[in-house]
Amino acid sequence: MITGKMKVTDVVKAYPEAVELFNDFHIDYCCGGKDELEKALQQLGIESKSFIEVLNKKIVNQPHKSNKGHVLAVERLAEMDIPVLIDYIIDTHHSKERVLLAEIDELINKVLLVHYEHHQSQLVPLHRLFSDLRKELQEHFAKEEKLIFPFMKNSFTESKSTGFVKELEDEHEGAGNLMKEITACTNDFTPPEDGCASYRMVFQKLEELVKDVYIHIFTENSLLFPKYEGGIGQ
Ligand SMILES: [Fe+2]
Ligand SMILES: [Fe+2]
């Protein structure tokens, strides 16, 4: 049973299929996931009692309708040792997001040029936000892959350092804020009526990227880092 006092991140750990509803209502389960669900809902102006009722009805009380793939994935990730989980994060999320960043980068330049005249008020800020996100994510992935993840894989309990966990969490928060701005700037990834196929493709790929990064950050903040700090899986 889901209650308002549960942390958002704990709701996702216990009921991963809540992610879809959380995405629809912009409930932050990665960077802001440490907040209680009730507080997160209040901040968004959502009436918490009825929302939690719907959540329980849809997810907890109808498990046969739940997305089993999600459930199994989170259970499987939670059981992985740190080196295996790190390899999974790189192979699954870093690789996919690098491809999406490159594809969007090329497409968004094309769309900016073609639709500048009528849609500059949306496309110019979107181009800037995406460029900032791309730069931050690429640098963040390099830091994780070349510096922090090798250290996490090889360190023993005595030589643990938690300073860089905070550093990565802060960077996740920065990326999370940019993604919220991108979501608002694209009207929830809804292209304009006169948007061409490339315009629609940019929005579709941006949405795919944002959803993947949310799950990626959740996996690091809520599964990998607590496992590392707790010394489990060493
Ligand atoms: Fe990562
Ligand atoms: Fe990260």
Side-chain angles (χ1 to χ4, degrees), residues 7-13 16 19 22-23 26-35 40 69-70 72-105 129-155 159-183 205-234:
K7 284 183 190 168
V8 176
T9 189
D10 290 336
V11 175
V12 175
K13 277 191 210 167
V19 161
F22 285 180
N23 278 335
H26 302 151
I27 297 161
D28 181 356
Y29 61 89
C30 60
C31 303
K34 287 174 185 160
D35 285 344
H70 266 316
L72 289 176
V74 171
E75 276 174 3
R76 197 162 53 84
L77 297 180
E79 283 168 7
M80 284 179 182
D81 286 346
I82 288 172
V84 180
L85 183 54
I86 285 175
D87 288 342
Y88 168 86
I89 289 169
I90 294 172
D91 293 345
T92 309
H93 296 295
H94 288 202
S95 301
K96 178 179 177 175
E97 290 158 22
R98 276 198 177 99
V99 171
L100 282 168
L101 287 169
E103 288 174 345
I104 299 166
D105 193 35
L129 288 166
F130 170 73
S131 302
D132 288 348
L133 181 67
R134 181 175 56 86
K135 184 185 70 174
E136 293 207 3
L137 288 179
Q138 285 174 341
E139 290 170 9
H140 180 80
F141 294 171
K143 186 194 274 185
E144 287 182 338
E145 289 177 28
K146 298 296 173 191
L147 183 72
I148 296 178
F149 284 173
F151 182 82
M152 280 184 162
K153 275 183 172 183
N154 296 320
S155 68
S159 63
K160 270 173 184 290
S161 163
T162 52
F164 51 64
V165 166
K166 171 84 176 82
E167 199 177 309
L168 293 181
E169 282 175 345
D170 288 347
E171 291 182 11
H172 290 165
E173 198 169 340
N177 289 337
L178 284 170
M179 293 193 296
K180 279 178 198 158
E181 286 189 68
I182 287 174
T183 306
K205 284 186 184 290
L206 273 172
E207 186 172 17
E208 202 182 329
L209 175 73
V210 165
K211 283 185 174 172
D212 201 78
V213 176
Y214 277 146
I215 294 175
H216 174 182
I217 292 177
F218 165 79
T219 307
E220 291 178 358
N221 282 5
S222 303
L223 300 174
L224 176 64
F225 299 161
K227 205 180 262 274
Y228 175 74
E229 288 174 321
I232 305 160
Q234 293 287 309

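Bear in mind that the values here come from a model prediction, so they are computed numbers and not experimental data. Every number for a ligand or one of its atoms is a count from 1 in the order of the listing.
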> Can we call the ring centroids of Phe151 and Phe164 under 6.0 Å apart?
Replying inline: yes
> Backbone or side chain, does His94 get an N/O/S atom under 2.8 Å to the Fe ion (ligand 1)?
Replying inline: yes
> So among Glu136, Lys143, Glu144, which one has a side-chain hydrogen bond (donor to acceptor under 3.5 Å, both in side chains) with His140?
Replying inline: Glu144
> What N/O/S atom of Glu144 is the closest to the Fe ion (ligand 1)?
Replying inline: OE1
> Has Glu171 got an N/O/S atom less than 2.8 Å from the Fe ion (ligand 2)?
Replying inline: no
>> Check Glu207 with Lys211, please: is the shortest side-chain N to carboxylate O separation under 4.0 Å?
In response: yes
> How close do Asn221 and Cys30 get, heavy atom to heavy atom, and via which atoms?
Replying inline: ND2-O, 3.6 Å
> Does His140 put an N, O or S atom under 2.8 Å from the Fe ion (ligand 2)?
Replying inline: yes
>> So, of the N/O/S atoms that Glu220 has, which is the nearest one to the Fe ion (ligand 1)?
In response: OE2
> Under the 3.5 angstrom rule, does the side chain of Lys227 hit a backbone N or O of Met80 as a donor-acceptor pair?
Replying inline: yes
